[in-house]
2 protein chains.
Amino acid sequence: MTLLRSARPGVGSNDRGIPEATVARLPLYLRALGTLAEGGVTTCSSGELAEVTGVNPAKLRKDLSYLGSYGTRGVGYDVEYLRYQIARELGQTQTWDVVIVGAGNLGSALSTYQGFGSRGISIAAVLDTDPQRIGSNVGGVEVESFDRLAEIVRERHVSIAVVATPAEAAQGVADALVAAGVTSILNFAPTVLQVPDHVEQRLVDLSIELQILAYHEQRRTHDEADGGQEVMA
Amino acid sequence: MTLLRSARPGVGSNDRGIPEATVARLPLYLRALGTLAEGGVTTCSSGELAEVTGVNPAKLRKDLSYLGSYGTRGVGYDVEYLRYQIARELGQTQTWDVVIVGAGNLGSALSTYQGFGSRGISIAAVLDTDPQRIGSNVGGVEVESFDRLAEIVRERHVSIAVVATPAEAAQGVADALVAAGVTSILNFAPTVLQVPDHVEQRLVDLSIELQILAYHEQRRTHDEADGGQEVMA
DNA sequence: TCGATTTTGTCCACGCGTTCACAAGCTCTT
DNA sequence: AAGAGCTTGTGAACGCGTGGACAAAATCGA
Ligand SMILES: NC(=O)c1ccc[n+]([C@@H]2O[C@H](COP(=O)([O-])OP(=O)(O)OC[C@H]3O[C@@H](n4cnc5c(N)ncnc54)[C@H](O)[C@@H]3O)[C@@H](O)[C@H]2O)c1
Ligand SMILES: NC(=O)c1ccc[n+]([C@@H]2O[C@H](COP(=O)([O-])OP(=O)(O)OC[C@H]3O[C@@H](n4cnc5c(N)ncnc54)[C@H](O)[C@@H]3O)[C@@H](O)[C@H]2O)c1
């Protein structure tokens, strides 16, 4: 399994906070626990949870230990209880209103996606500058004018935004988002945005994902030619 | 900036290979160099490149040093030359044929996306099981039957696949991909796939991205209430 | 009640990744 | 030709993340 995103550099573990690497895995555990709960499972061990999430059991236990001691030795973890604790830690006891900027192919797919609701994410608005798109409907949400950004951010208490515009427009959009008071940006445009320190940025670059896989594929074939595959002694 | 993806655990730097963290940044540098080249820039320093990619200059130089000594002290890097060297290292001197499984919202958006070509990625096929979708056209590519997977992988020399099916179908799809000879999988379904060790898996989970941002937002407001913002002495 | 069994929580060691700091090396000016 | 001024490449220190190992704690059966 592979997780690649870059968070603000140098921000590893905060004051009293949970290590960044752990935060990135908690949603994984949460989802797995949800699946177990649906299957009627009431208790599970670190080994079982580690199995389905592809994580080392010791690492998983250490991750959970940052939240507190919610397990029972000799028994494991209560699925529902642990689920609640992780959800609380992640801030999923409340719903986060998110604005999506750019109602193109990707923005529309995201707007249509029904899987965010159960993760505490709600699409508050979808914005675009294209008059042709404004007023159209994506996933039950009406596309609104990008001009209304500041107003919408204020009225709907939005702090998280998704950028799904072409790369050329992304920096301008980011500036407007920051000016409107957004403090977390999920950026799908293939650019590193310049944002103030207090704004969290995550770049999701699908080309890069494939390029990384291609690199490993290349190395694989290259190694074969070199006899790079280690021979057993 | 934030990169989150999980690679096979424990695989840091390989035998003669480049550290995983560096590999994940190389495409970033490559793109920035492309932008500079378009702008007519022929030479750039580590400082300039670090600026636009949001990376520490020393880190950037160390990253590049894994490829060789391609810079000139006192001058910087030749944009075109460095571009070629990174592209070569990433395996972008060849084109990688990729199969997309699942022609739904996300799969269609990916198929339509025109930005992969310049990154050495070509969509060899888009597959689906839904008879309604098979034969339809997404981004100039005809959707083919998932039954033809093995045949297509063999004939078109595919080693990389994208999973864009519902989560319930993802493991089955992955098994079929592995059986067909695919060795790298980019998975958009919210599940950790169980694949053999020799298969590289990268999970891109958009919900998790937003959940991580929400966590930081929550901590932010929580800290404010606690007066968590450190006061200058 | 006691011992066998299971599983957590965490100490500890190790390795990767990051960053500082500076010597080595190049160019340009005088 | 020599020195001033930059910028690279890297040694070294440090910190975070990972995973092995085991003591502590809980359950269960006898
Ligand atoms: N579609 C994919 O699969 C894919 C893959 C990788 C990366 N991306 C990236 O994601 C981003 C979006 O991709 P897409 O395929 O949806 O593009 P798209 O062209 O389909 O959609 C872009 C949308 O953004 C709108 N827009 C342009 N400028 C704007 C502005 N200033 N403010 C608000 N809206 C604006 C456009 O009107 C359009 O509706 C791009 O940066 C692309 O590089 C997309
Ligand atoms: N759309 C989004 O923005 C978004 C966001 C986050 C995650 N995801 C995830 O990405 C995946 C795809 O999302 P989507 O919105 O495109 O879903 P979708 O329902 O629109 O499309 C899924 C497609 O997969 C096809 N399919 C089903 N079983 C298949 C099989 N066994 N083999 C081949 N094809 C099969 C279906 O026919 C359908 O065309 C899902 O797992 C979803 O959870 C999507």
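Throughout, protein chains are lettered first and strands after them, A, B, ... in sequence-line order, and every chain is numbered starting at 1.
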Exercise for the section: Tell me, please, which residues at least two apart from B:Phe116 pass ring pair (Phe, Tyr, Trp, His ring centres under 6.0 Å). Expected result: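 B:Tyr113.
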Exercise for the section: Using the test salt bridge (Lys or Arg N to Asp or Glu O under 4.0 Å), find all partners of A:Arg83 that sit at least two apart in sequence or belong to another chain. Expected result: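 Expected list: A:Glu80.
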Problem - All salt bridge (Lys or Arg N to Asp or Glu O under 4.0 Å) counterparts of B:Glu89, not counting sequence neighbours - result: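 Not a single residue meets the salt bridge (Lys or Arg N to Asp or Glu O under 4.0 Å) criterion with B:Glu89.
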Exercise for the section: Runs of at least three consecutive Watson-Crick or G-U pairs, both distances under 3.5 Å, are what I'm after; which ones involve DNA chain D? Expected result: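 Correct response: C:1-30 with D:1-30.
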Practice task
Return yes if a side-chain donor-acceptor contact under 3.5 Å exists between B:Thr35 and B:Glu38, otherwise no.
Solution key: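 No pair is found: no donor N or O on one side chain lies under 3.5 Å from an acceptor on the other.
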Between [N] atom [atom2] and [X] atom [atom1], what is the distance in whole Å?
{"X": "A:Lys59", "N": "D:dG19", "atom1": "NZ", "atom2": "P", "answer": "4 Å"}
{"X": "A:Leu67", "N": "C:dT10", "atom1": "CG", "atom2": "P", "answer": "12 Å"}
{"X": "A:Tyr66", "N": "C:dG9", "atom1": "OH", "atom2": "C1'", "answer": "12 Å"}
{"X": "A:Leu64", "N": "D:dG19", "atom1": "CG", "atom2": "P", "answer": "15 Å"}

Practice task
List the atom of A:Leu82, the atom of A:Leu64, and the distance in Å for their closest heavy-atom pair.
Solution key: CD2-CD1, 3.9 Å
Exercise for the section: For A:Ala214, enumerate each residue passing the side chain to side chain contact (heavy atoms under 4.5 Å, CB included) test, keeping only those at least two apart in sequence or located in another chain. Expected result: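 For A:Ala214, the residues satisfying side chain to side chain contact (heavy atoms under 4.5 Å, CB included) (neighbours in sequence not counted) are B:Trp96, B:Ile160.
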Practice task
Report the residues that fulfil side chain to side chain contact (heavy atoms under 4.5 Å, CB included) with B:Ser111, sequence neighbours left out, ordered by chain and then residue number.
Solution key: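 By the side chain to side chain contact (heavy atoms under 4.5 Å, CB included) rule, B:Ser111 matches B:Ile100, B:Val126, B:Val138.
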Would you mind reporting whether [Y] and [X] have side-chain heavy atoms less than 4.5 Å apart?
{"X": "B:Leu213", "Y": "A:Glu200", "answer": "yes"}
{"X": "B:Leu30", "Y": "A:Gln211", "answer": "yes"}
{"X": "B:Gln218", "Y": "A:Arg88", "answer": "no"}

Ignoring hydrogens and angles, write down the donor-acceptor pairs under 3.5 Å from the side chains of residues 171-191 of chain B, residues two or more places apart or on other chains.
residue  : atom : partner  : partner atom : Å
B:Gln171 : OE1  : B:Gln194 : N            : 2.9
B:Gln171 : NE2  : B:Asp175 : OD1          : 2.9
B:Gln171 : NE2  : B:Gln194 : O            : 3.1
B:Thr183 : OG1  : A:Glu217 : OE1          : 3.1
B:Thr183 : OG1  : A:Glu217 : OE2          : 2.6
B:Ser184 : OG   : A:Glu217 : OE2          : 2.6
B:Asn187 : OD1  : B:Ala189 : N            : 2.9
B:Asn187 : ND2  : B:Ala189 : O            : 3.3
B:Asn187 : ND2  : B:Thr191 : O            : 2.8

Practice task
Could you pull out all residues at least two apart from A:Gln94 that satisfy side chain to side chain donor-acceptor pair (under 3.5 Å)?
Solution key: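 Residues passing side chain to side chain donor-acceptor pair (under 3.5 Å) with A:Gln94: none at all.
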Exercise for the section: Give me the residues of residues 74-88 of chain A where at least one heavy atom lies under 4.0 Å from an atom of DNA chain C, by number, or none. Expected result: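 Heavy-atom cutoff 4.0 Å gives A:Gly74, A:Val75, A:Gly76, A:Tyr77.
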Handout entry: Nearest-nucleotide 5' precedence on DNA chain D, B:Tyr70 against A:Asp63
Key =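 Final value for this comparison: B:Tyr70.
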Exercise for the section: Output the residues of residues 37-52 of chain A in contact with DNA chain D, where contact means a heavy atom of the residue under 4.0 Å from an atom of the strand; sort by number or write none. Expected result: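 Nothing qualifies; none.
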Exercise for the section: May I ask you to verify if any side-chain N or O of B:Asn56 is less than 4.0 angstrom from the OP1 or OP2 atom of C:dG17? Expected result: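 Checking C:dG17 against B:Asn56, no side-chain N or O comes under 4.0 Å of OP1 or OP2.
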Pairs of donor and acceptor atoms involving the side chains of residues 68-77 of chain A, under 3.5 Å and at least two apart or interchain, shall be tabulated with distances.
residue : atom : partner : partner atom : Å
A:Tyr70 : OH   : A:Leu67 : O            : 3.1
A:Tyr70 : OH   : A:Gln85 : OE1          : 3.2

Using a cut-off of under 3.5 Å, enumerate the N/O to N/O pairs linking the protein to nucleotides 10-14 of chain D.
residue : atom : partner : partner atom : Å
D:dA12  : N6   : B:Lys62 : NZ           : 2.9

